[in-house]
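Before anything else, here's the structure in question.
All chains are named by letter (A, B, ...) in the order of the sequence lines, taking the proteins before the strands, and each is independently numbered beginning at 1. The figures that follow rest on heavy atoms only: side chains count, while hydrogens, waters and symmetry mates do not.
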Protein chains: 2
Amino acid sequence: MDLLERLRDAGWRLTPQRRVVAEALQEVGGHLTAEEVYLRARERLPEVSLATVYNALNELAAMGQVLCLATDGAKKYDANAHVPHQHLACVRCGRLADVRARGEDHLRLPAKERRGYELLSVEIVFKGICPDCRARGN
Amino acid sequence: MDLLERLRDAGWRLTPQRRVVAEALQEVGGHLTAEEVYLRARERLPEVSLATVYNALNELAAMGQVLCLATDGAKKYDANAHVPHQHLACVRCGRLADVRARGEDHLRLPAKERRGYELLSVEIVFKGICPDCRARGN
DNA sequence: TTCGATGCAAAAAGTTTGCAGCGAA
DNA sequence: TTCGCTGCAAACTTTTTGCATCGAA
């Protein structure tokens with residue numbers, strides 16, 4: 001089931017601008033900054049504005065339909081929210097990759113550790129140095 | 001062993017400004033934004049500048065002596081880098097709490113999933129709604 | 001028809017940088 | 001004495017907001 005279908009089912013008001021934002025996220029599948037989403041959306045609909053892209057991304061993130069990752073400077077948006085996965089982030093250049101960890105199903109926060117929070121999800125980010133940064137020395 | 005000792009051992013040049021930054025982080029123990037560190041540092045040394053606070057925080061984070069958490073808008077700095085722990089973040093207000101999860105010692109990234117990255121650490125953030133935001137309705 | 005989404009531009013928020021001078025080791 | 005840290009102010013990046021208008025449902 002693709003992102004646009006899921007959004008329609010969620011009753012999200014669908015405008016041409018919002019459609020190209022969703023399409024940009026879906027077509028890449030990976031992790032895009034707001035700026036990157038904006039550039040791709042604009043290829044399809046030149047009059048879309050950056051503010052509208054931010055509005056749409058914030059709503060999608062609040063709905064839980066896309067993930068918002070804030071590892072380094074700029075936030076990145078991930079359309080794969082419906083497929084459980086973890087991330088691998090380069091501490092040098094900020095590059096992100098999707099991964100599947102082992103043992104994540106045993107990861108639990110005991111009730112006494114919940115501090116009254118209502119739990120929604122767990123985000124797991126492995127940090128390291130990507131092959132390119134390693135090759136580039138240090 | 002406190003933060004200042006660890007920094008001295010690491011050969012970090014210690015100036016009055018850097019000292020009050022480290023002291024501010026240590027005295028609170030929790031999670032502070034750069035601005036909060038700045039305000040606290042300034043109570044002890046009024047002429048310290050925000051740029052210097054950012055310089056110091058960035059160096060400390062790069063050294064691995066403090067953790068930098070970028071869950072929401074502003075980055076937060078955590079002096080407890082030498083004690084393994086996870087975080088619990090409120091998706092509404094951004095409040096952070098330290099927690100200890102169960103099963104985290106079994107969490108592994110299989111070699112075939114490492115994509116050539118050199119692994120350094122794992123960051124685990126539980127997301128939820130804090131008691132205050134729940135009380136405040138929805 | 002209605003109410004929410006949009007574009008634009010301006011502002012806010014967060015962070016980094018350049019440079020001359022100062023001070024920790 | 002030296003090299004790196006500092007303050008200041010300005011620049012930069014990222015994100016949000018106000019408001020009049022437009023269009024999806």
Side-chain angles (χ1 to χ4, degrees), chain A residues 4-5 7-25 31-42 44-63 65-66 68-77 91-94 96, chain B residues 4-5 7-24 31-63 65-66 68-77 91-94 96:
Chain A
L4 282 170
E5 277 182 80
L7 295 175
R8 191 191 325 279
D9 288 357
W12 201 52
R13 189 169 191 161
L14 198 52
T15 65
Q17 293 85 347
R18 288 172 168 212
R19 169 176 281 104
V20 293
V21 167
E23 285 173 350
L25 282 168
H31 313 94
L32 297 174
T33 62
E35 185 75 25
E36 288 164 345
V37 171
Y38 172 54
L39 293 175
R40 284 178 176 275
R42 213 169 45 172
R44 294 158 177 268
L45 186 70
E47 49 282 343
V48 75
S49 82
L50 182 54
T52 293
V53 169
Y54 270 106
N55 286 340
L57 290 174
N58 285 342
E59 288 192 28
L60 292 172
M63 294 166 70
Q65 296 290 353
V66 311
C68 175
L69 311 209
T71 357
D72 58 350
K75 289 175 184 158
K76 301 204 176 154
Y77 298 86
V91 298
R92 297 263 206 284
C93 68
L96 273 182
Chain B
L4 282 170
E5 277 182 79
L7 296 175
R8 191 190 327 278
D9 288 357
W12 201 51
R13 188 169 192 163
L14 200 51
T15 66
Q17 294 86 344
R18 288 171 167 213
R19 170 178 281 103
V20 294
V21 166
E23 285 172 351
H31 313 92
L32 297 174
T33 62
E35 185 76 26
E36 287 165 346
V37 171
Y38 171 55
L39 293 175
R40 283 179 176 275
R42 212 169 46 170
E43 287 173 12
R44 293 158 178 268
L45 187 70
E47 50 281 344
V48 75
S49 81
L50 182 56
T52 295
V53 169
Y54 271 107
N55 287 340
L57 289 174
N58 285 342
E59 287 193 28
L60 291 172
M63 293 166 72
Q65 296 290 353
V66 310
C68 176
L69 309 217
T71 359
D72 58 352
K75 288 175 185 159
K76 301 207 175 152
Y77 298 86
V91 297
R92 297 262 206 283
C93 68
L96 272 182

message = For B:K75 versus B:A70, what's the shortest heavy-atom pair and its separation?
response =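 Heavy atoms of B:K75 and B:A70 come nearest at CG-CB, 4.2 Å.
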
From A:N58 atom CG to A:C68 atom SG, the distance as rounded to the nearest 0.5 Å =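 Rounded to the nearest 0.5 Å, the CG-SG separation comes out at 7.5 Å.
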
task = Write down the distance between CD (A:E59) and C1' (D:dT15), rounded to a whole number of angstrom.
result =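 Taking atom C1' of D:dT15 as the reference, CD of A:E59 is at 15 Å.
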
inquiry  = What is the separation between atom NZ on A:K76 and atom C1' on D:dT14, rounded to the nearest whole Å?
reply    =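 My rounded result for the distance is 14 Å.
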
key: Where A:A22 and A:L4 come nearest, the two heavy atoms and their spacing   =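 The pair with the smallest heavy-atom distance is CB-CD2, 3.8 Å.
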
Could you pull out the protein-nucleic contacts involving nucleotides 16-22 of chain C (nitrogen or oxygen on both sides, under 3.5 Å)?
residue	atom	partner	partner atom	Å
C:dT16	OP2	B:N58	ND2	2.9

task = Not counting sequence neighbours, which residues clear salt bridge (Lys or Arg N to Asp or Glu O under 4.0 Å) with A:R19? List them please.
result =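 Salt bridge (Lys or Arg N to Asp or Glu O under 4.0 Å) check on A:R19 returns nothing, list empty.
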
List, with names and distances, any nitrogen or oxygen atoms from the protein found under 3.5 Å away from nitrogen or oxygen atoms belonging to nucleotides 1-4 of chain D.
residue	atom	partner	partner atom	Å
D:dG4	O4'	B:R13	NH1	2.6

request  = Provide, to the nearest angstrom, the distance between the CZ atom belonging to B:R19 and the P atom belonging to C:dG23.
outcome  =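 It works out to 15 Å between those atoms.
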
Distance-only donor-acceptor pairs under 3.5 Å for side chains of residues 46-53 of chain B, two or more places apart:
residue	atom	partner	partner atom	Å
B:S49	OG	B:T52	N	3.3
B:S49	OG	B:T52	OG1	3.2

query = What pairs with B:R44 under salt bridge (Lys or Arg N to Asp or Glu O under 4.0 Å), at least two apart in sequence or on another chain?
reply =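 Per chain and number, B:R44 pairs via salt bridge (Lys or Arg N to Asp or Glu O under 4.0 Å) with B:E23, B:E27.
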
query = Given B:V21, which of B:L57, B:L45, B:N55 fulfils the side-chain contact (heavy atoms from CB on, under 4.5 Å) condition?
reply =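 Output: one option passes, namely B:L57.
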
Show me, pair by pair, the donor-acceptor contacts under 3.5 angstrom made by side chains of residues 7-15 of chain B, not counting sequence neighbours?
residue	atom	partner	partner atom	Å
B:W12	NE1	B:E59	OE1	2.9
B:T15	OG1	B:Q17	OE1	3.4
B:T15	OG1	B:R18	N	3.1

ask   = To the nearest angstrom, how far is B:W12 atom CH2 from C:dA24 atom C1'?
value =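 Roughly 13 Å, once rounded to whole Å.
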
query = Under 4.0 Å between a side-chain N/O of B:T52 and OP1 or OP2 of D:dG7, yes or no?
reply =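 For D:dG7, OP1 or OP2 has a side-chain N or O of B:T52 closer than 4.0 Å.
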
key: Rounded to 10 degrees, the angle between the two terminal axes of the helix from C:dT1-D:dA25 to C:dA25-D:dT1, each from five pairs   =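 Answer rounded to 10°: the end axes differ by 60°.
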
query = In whole angstroms, how far is the C1' atom of C:dA25 from the CG atom of B:L14?
reply =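 About 11 Å, once rounded to whole Å.
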
ask   = What integer distance in Å separates B:L7:CG from D:dC5:P?
value =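 Distance check: B:L7 CG to D:dC5 P gives 13 Å.
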
request  = Please name all residues satisfying side chain to side chain donor-acceptor pair (under 3.5 Å) with A:Y38, sequence neighbours left out, ordered by chain then number.
outcome  =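 Residues passing side chain to side chain donor-acceptor pair (under 3.5 Å) with A:Y38: A:R42.
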
Length of the line joining B:D9:CG and C:dA25:P, which is rounded to integer Å =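 Rounding to the nearest Å, CG of B:D9 and P of C:dA25 are 14 Å apart.
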
key: Minimum heavy-atom distance B:V20-B:A41, with the two atoms named   =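 So the two residues come closest at CG2-CB, 3.8 Å.
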
ask   = Which residues in residues 34-45 of chain B have at least one heavy atom lying under 4.0 Å from any atom of DNA chain C?
value =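 None, since no heavy atom is under 4.0 Å.
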
request  = Check whether any side-chain N or O of A:K76 sits under 3.5 Å from a backbone N or O of A:L96 as a donor-acceptor pair, and report yes or no.
outcome  =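 Answer holds: no.
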
query = Can you name the residues that form a side chain to side chain contact (heavy atoms under 4.5 Å, CB included) with B:A74, not counting sequence neighbours?
reply =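 Checked B:A74 against side chain to side chain contact (heavy atoms under 4.5 Å, CB included); matches are B:T33.
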
key: Sequence-distant partners of B:E5, side chain to side chain contact (heavy atoms under 4.5 Å, CB included), two or more places apart   =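 Applying side chain to side chain contact (heavy atoms under 4.5 Å, CB included) to B:E5 gives B:M1, B:D2.
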
Nearest-nucleotide pick for B:Q17, side chain only, options being D:dA25, C:dA24, D:dT6 =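 So the side chain of B:Q17 is nearest to D:dT6.
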
query = A:T15 side chain N/O closer than 4.0 Å to the phosphate oxygens (OP1, OP2) of C:dG4?
reply =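 No, because none of the side-chain N or O atoms of A:T15 sits under 4.0 Å from OP1 or OP2 of C:dG4.
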
ask   = Who are the side chain to side chain donor-acceptor pair (under 3.5 Å) partners of A:T71, not counting sequence neighbours?
value =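 Listed in chain order: nothing, the list is empty.
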
